[in-house]
Amino acid sequence: MSLETFRKETRDWLEANCPPGMRVPAKGEADICWGGRNWTFASDDQRIWLERMAERGWTVPAWPKEYGGGGLSKEEAFILKDEMKAMKARSPLDSFGIWMLGPALLKYGSEEQKREHLPKIARGEIRWCQGYSEPGAGSDLASLRTKGVLDGDEYVINGQKVWTSYADKSDWIFALVRTEADAPKHLGISFILIDMDTPGVSTKPIKLISGKSPFCETFFDDARAPVSHVVGKPGQGWDIAKYLLSHERAGIVSDAVSGGLNPVGAAHLAGEVDEKGQIADPILRGDVARLTIDALAFEATLRRVKDEADKGEGVGAKASILKYVGTELNKRRHELNMSALGSDGLLWEGEKEEDGDAARSWLRSRANSIEGGTSEIQLNIVAKRVLELPGT
Amino acid sequence: MSLETFRKETRDWLEANCPPGMRVPAKGEADICWGGRNWTFASDDQRIWLERMAERGWTVPAWPKEYGGGGLSKEEAFILKDEMKAMKARSPLDSFGIWMLGPALLKYGSEEQKREHLPKIARGEIRWCQGYSEPGAGSDLASLRTKGVLDGDEYVINGQKVWTSYADKSDWIFALVRTEADAPKHLGISFILIDMDTPGVSTKPIKLISGKSPFCETFFDDARAPVSHVVGKPGQGWDIAKYLLSHERAGIVSDAVSGGLNPVGAAHLAGEVDEKGQIADPILRGDVARLTIDALAFEATLRRVKDEADKGEGVGAKASILKYVGTELNKRRHELNMSALGSDGLLWEGEKEEDGDAARSWLRSRANSIEGGTSEIQLNIVAKRVLELPGT
Amino acid sequence: MSFVLNEEEQMLRDSARSFLTETAPVTAFRKLRDENNPDGFSRDLWSSMAEMGWTGILVEEDHGGADFGVFAAGLLLQEMGRTLTPSPFLSTAVLAATALRAAGSDAQKAKWLPKIVSGETVIGFAVDERARHNPEHINTTAKKQGNGLVLNGTKRFVANGAAADAVIVVARNEEGAPCLVLVDCNQKGVTRKARRTVDSHLPADFTFEDVALDGDALLDGAEDTEGALKHILDVGRACIAAESLGVAEQAFDVTIDYIKEREQFGVPIASFQGLQHRAAHLLSEIEMARSIVMKALRTLDETPSQAPIWAAAAKAKATAVSRFATSEGIQMFGGVGMTDEYDIGLYYKRAQAAGEFLGDDAWGAGQVAKLSGY
Amino acid sequence: MSFVLNEEEQMLRDSARSFLTETAPVTAFRKLRDENNPDGFSRDLWSSMAEMGWTGILVEEDHGGADFGVFAAGLLLQEMGRTLTPSPFLSTAVLAATALRAAGSDAQKAKWLPKIVSGETVIGFAVDERARHNPEHINTTAKKQGNGLVLNGTKRFVANGAAADAVIVVARNEEGAPCLVLVDCNQKGVTRKARRTVDSHLPADFTFEDVALDGDALLDGAEDTEGALKHILDVGRACIAAESLGVAEQAFDVTIDYIKEREQFGVPIASFQGLQHRAAHLLSEIEMARSIVMKALRTLDETPSQAPIWAAAAKAKATAVSRFATSEGIQMFGGVGMTDEYDIGLYYKRAQAAGEFLGDDAWGAGQVAKLSGY
């Protein structure tokens, strides 16, 4: 089938099958479909849309058909995305399973693991969370202390993870566990799949400076996982984690430039524009203009890196530049939002549901340059891997 | 004598003795009196002023009388400065002898050295330059390689110095020389006074990006200096050098905030102001306003550090903060001067003598954060000595 | 003008520091927040401040005050910034007291200043009507009506507004000139809406609808009310700048302590030169802010005619530096800096809110350019 | 729109790079400078550029050009930025050629474009009358007189003005609307004063005093001359931004090489994390500049109606980044970076001069705000 035919048929199918309620932008967290055992659909449209898309494998269009995917080529997947965007169709399913675990299983998983887990991710039946960070580990991810001791054909796992987003709502966790106590720091780590219903696994939300958060602490207290749940080989966890992190980085960058309030909108909201529609404070206007320039440059860079990737140039350590610049830019955007909003931006709670949203988003943005590898780590990566500067 | 009486008498004396030509601001380098064997006075007034002030020891008012100084107390010296400023009297004599060598000799010199050299400095008879830096040494001052080998009661000196300001116009040089080859890096260095007329000493100006410069390279080729010309003990050179550097730093800082063109003046010069006298480009105006704020904060900080010093709080490593902030501020000022001047600022040569001055000053300012200890070195000092952060 | 503290000032600073760290540390602030305290501050603490004479720090001795000067008030706020202590000190003891002193008649001073000194009243100072500070945008009117006045307009985010007994309102008279009106919050026609802000303070929005006032509500003791208003705002700016400075200092101190302790890759993260240079730069910025805040405070005491540019510049610098210090703080703390459990985020929030109050860094820069004539 | 080079573009870039590094390296530029070359560039090099077809890169094939597009012109300037090669390329082959193409009549194109392509003429483009770029400040007038025109006014720092045979002057006609007039420099009433600039280029100031011109001096081929002028300036901005980018790239490359070599305290200074983070940040900035310059150039070729904001933003970003990269370069070189012997200072100077040409970063930011409607 030619790409043109594919585009036409895709458009027709989307037109016929995407429910009207799924053709308006998501308004908030509740409009995003995460799936999982305990998922409650926000609407019938949301349910129908997921079912229809999952049936074609189009929740994960580029995955192989045998694992619940759409089996589309890269070009076809791009066309699907394009057409969905054109009709403002929402994503039928978002999940860490799709963004992170899926790619890792496709690359490192056993055939059994792929057949067992991928289709459930594709259909939104199982919701996954990630268990990497530990209290005190921070940027030094390889220093983790959660321990798995072999007992027959099971690992007995003890330890604690932090920043496990949505762990309280997830069914399974993919976790890094130190299984070889005597191996060098980076080598003794395994990547293990653990059912959250396993006895000894518990979770507790973390309160952030921006208020309630999806982040949790997750505890393992003699929790057991069969050896067959290790992805790749025991001790290969570090490589898999690095592979996944590059996917996470891409996600954070796309958050950083995705819509939301900008300072010009903020100035209008707060009535801080003059009769010509110019931002009233000329100094603030200058700051916003410089932000716009940097945002345009970043937007162009995302396009360039994509074009280069399409041409076969690896993104590689350049992902670190994108992560660094994108997140710092997003923080600056939110700071200028707050300046443009003046006292309006300070509101924390009010009678309206959206009261305090600007402040919460501003506070939340501070995490951008910490999560997924801090800005400092990204700069280290650029210095070492791109510029090849010598170590101390 | 009460301070009030001193003030009155000082004022009267200055009124009676400061020639009219010395009561207008110095217009350029030529108006500054540096003294020395080969000095040619720019005017009779310049000569008379130096003679009269030197006679009272007021070229170096706080030095002891027996070494050619004025023997004034700190308060009296301050009053003299104040009264000179009030009547816009020029400094009768500027020199590295006064700023740097003098304080070092007063602290570390032998009685003979003090009696020999200090009065000549005070009277402007001998002009000194400093020989610290070497090609390739940079911030790592202690790595210097100019070598002095003892031969009887003389050192035979070989090596090369760079950044010896005005070496081509100076009579003597105070230089750091490695006299003990086997001692640890910081311990084998001596501080030696060398007559520039000594056979084997030669000098050559360095051309800078800003054009001609006072900086020279100075070469020692089997040049001989008697052991009695070592200040302090042999091997004590590093301590003396550090002591001097803090004086140099203070000098650079005062350069950084001393007059010269500022961006508001530049905008007026270039006609880049609107009918209300506001800088025409609103974005540039904002940049200049932020510079003004930082300049005001720096000005207040200089006053504060002075007040604290008067109260007995040591300046210590805070000098590094002043050096760092002052020089970075000065660079920013010159950059904004250039922006405000637009194409006018680009002029390098023209029919008028001052054509190109703005560009040259701008280029010269780039050295501020390198000379006298780079900004990076200052930040290291602040990190280690003020904040007591651990080493790697 | 001296940039060092004299003995009295040192004693005041030291006693304030030990009082606040004992009585009103950050845990006390957290408690107020978590129990949704309806005032946004502790009434007991406010009484203690009165007992210690803080409330009268800018009040003449005739009215029971200590008359210790703006510099001293700034010292107290700097310490409150360090402990994140919320109180009506700035609105009542600084702004309202300065307003009464600068623009009140003898009778008004005699009536109100002792109440401020005794700590029995909380008075807000209401200037802004828009989201960003702009004292020239005053649409509230106070027009003559018989022997009295009638007040109409709205004011936004009046500090301590939720707890205020009265507010001093900046309005325009029938000639369009600025005037100051002291209004009881229970007066008919006054409505207020408390606003809980990101820093867990409780300002309020006020609406005045045909509020009928006696003639003595108008503060008419100043020869030049407009000049008095500028002075009041400059005092407020220098004082809130001092609080911002305290926020920056404490945020910096806890950050430095943390990076010395915290290990990554087997060494304290403070040993990485990348962080060292940033920490040293940050300290430099804090030193600059400290000097200019001191300069602004002293100038208000000693040569107030020269104060406007210093107040604007100090406000701008302290705003920028406190935001920068707390932002760097969160980054250096890393993930835990994002959690509510650690204090650094609270400092970040307060830096933002204090920064917007009476003009942020962009506003201050514009003001400095204007006052410098360019 | 593609952000990667196609095969033709790659070949052009590669051949330009090897040609320039061999024929016109920085040493060649130093020689021109040190011998006080009266043109400020090498006539031989200009002929070679013509032979290689560079002069016709924006000229239609009908007139002997290669018509390769703005993106290709930008590629060449980027390489010239790397080698600091002075030439009339930007003024003549970009600005004058674009002006003739956009606003010239068929006869004017037929007369002038082949001369540009052949390299036999140097044409300046004269817009600014004040120190800072401002294309709205045009006081030069070109008024009808009989069948011809009379030109009065002054223009400042016209690039390549010292060597120009002719200049295209932006003036206002009797209705006050912008117009473009091509003036021979030997015309009576034209005086010029060459200006040696900090980057050792030789622009000139021009005075036009009752210069009597034939009617065909007026470029009257455009339906909308004002629109054409904006387009010409945007092409100029994107192209000079490309040169600034090349300056930044090369300054960065030599700096990184240097800090890898240079040892202090017994280790290469590149091993200090303080410098590493700055180098990585600088690379990030250069990558951003590279993308937005490419975007602006491509947009001018493919969807010129959308180009204004990209041209302004690219100009601003490239200006800021090239100044930043060269300034960091000097600092990282340390003392030797201040000497004329090392090249980094030359890059710093060129970054400044190229930055001011057709609007610096402050100007660009103002323009972006305006074009964005805020």
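Only heavy atoms go into these numbers, but all of them, side chains included; no hydrogens, no water, no symmetry mates. The sequence lines fix the lettering, A, B, ..., with proteins before strands; numbering per chain opens at 1.
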Practice problem: Let me know if B:Val386 has heavy atoms under 4.5 Å from chain C in its side chain, its backbone, both or neither. | Solution: side chain
Quiz item: Backbone N or O of C:Glu287 within a donor-acceptor pair of the B:Arg304 side chain at under 3.5 Å?
Solution: yes
Exercise. Please report the shortest heavy-atom distance between B:Tyr324 and C:Ser284, naming the atom on each side.
Key: CD2-OG, 3.7 Å
Practice problem: Name the region of C:Ala314, side chain, backbone, both or neither, that has any atom closer than 4.5 Å to a heavy atom of chain B. | Solution: neither
Self-check item: Non-hydrogen atoms of C:Gln273 and B:Asn380 that approach each other most closely
Solution: NE2-OD1, 3.3 Å
Self-check item: Proximal component of B:Lys306, with respect to chain C [non-hydrogen, under 4.5 Å]
Solution: neither
Self-check item: Closest heavy-atom pair and its distance - C:His277, B:Glu376
Solution: NE2-O, 3.6 Å
Quiz item: Between the main-chain N or O of C:Tyr374 and the side-chain N or O of B:Arg285, is there a donor-acceptor pair closer than 3.5 Å?
Solution: yes
Quiz item: At their closest point, which heavy atom of B:Pro390 faces which heavy atom of C:Gln276, and how far apart are they?
Solution: O-NE2, 2.8 Å
Practice problem: Give the C-alpha distance, both sets of side-chain angles, the deciding distance and a yes or no for side chain to side chain contact (heavy atoms under 4.5 Å, CB included) between C:Met288 and B:Ile321. | Solution: CA-CA 10 Å; C:Met288 297 304 124; B:Ile321 292 181; 4.1 Å; yes
Quiz prompt | Interchain contact, C:Phe252 with chain B, by part (heavy-atom threshold 4.5 Å) | solution = side chain
Quiz prompt | Part of B:Val273 within contact of chain C (heavy atom distance under 4.5 Å) | solution = neither
Practice problem: Assess whether atom NZ of B:Lys88 is packed by more than 12 heavy atoms of other residues, nucleotides or ligands within 6.0 Å. | Solution: no
Exercise. May I ask you to decide whether C:Lys295 forms a salt bridge with B:Glu299, counting only side-chain N to carboxylate O separations under 4.0 Å?
Key: no
Self-check item: Contact leader toward chain B among C:Val368, C:Ile259, C:Leu275, C:Ile309, where contacts are heavy-atom pairs under 4.5 Å
Solution: C:Val368
Quiz item: Between C:Leu5 and chain B, which part of the residue has a heavy atom less than 4.5 Å away: side chain, backbone, both or neither?
Solution: backbone
Practice problem: Quick one: do B:Asp310 and C:Val4 satisfy side chain to side chain contact (heavy atoms under 4.5 Å, CB included)? Show the steps, please. | Solution: CA-CA 10 Å; B:Asp310 287 350; C:Val4 289; over 6 Å; no
Quiz item: Shortest non-hydrogen contact from B:Ala383 to C:Ala280?
Solution: N-CB, 4.1 Å
Practice problem: Assess whether atom CE of B:Met87 is packed by more than 12 heavy atoms of other residues, nucleotides or ligands within 6.0 Å. | Solution: yes
Exercise. Side chain from CB out, backbone as N, CA, C, O: work out which of these in B:Asp274 comes under 4.5 Å of a heavy atom of chain C, or both, or neither.
Key: neither
Quiz item: So, for B:Leu387 and C:Lys260, which heavy atoms are closest and what is the spacing to 0.1 Å?
Solution: O-NZ, 2.9 Å
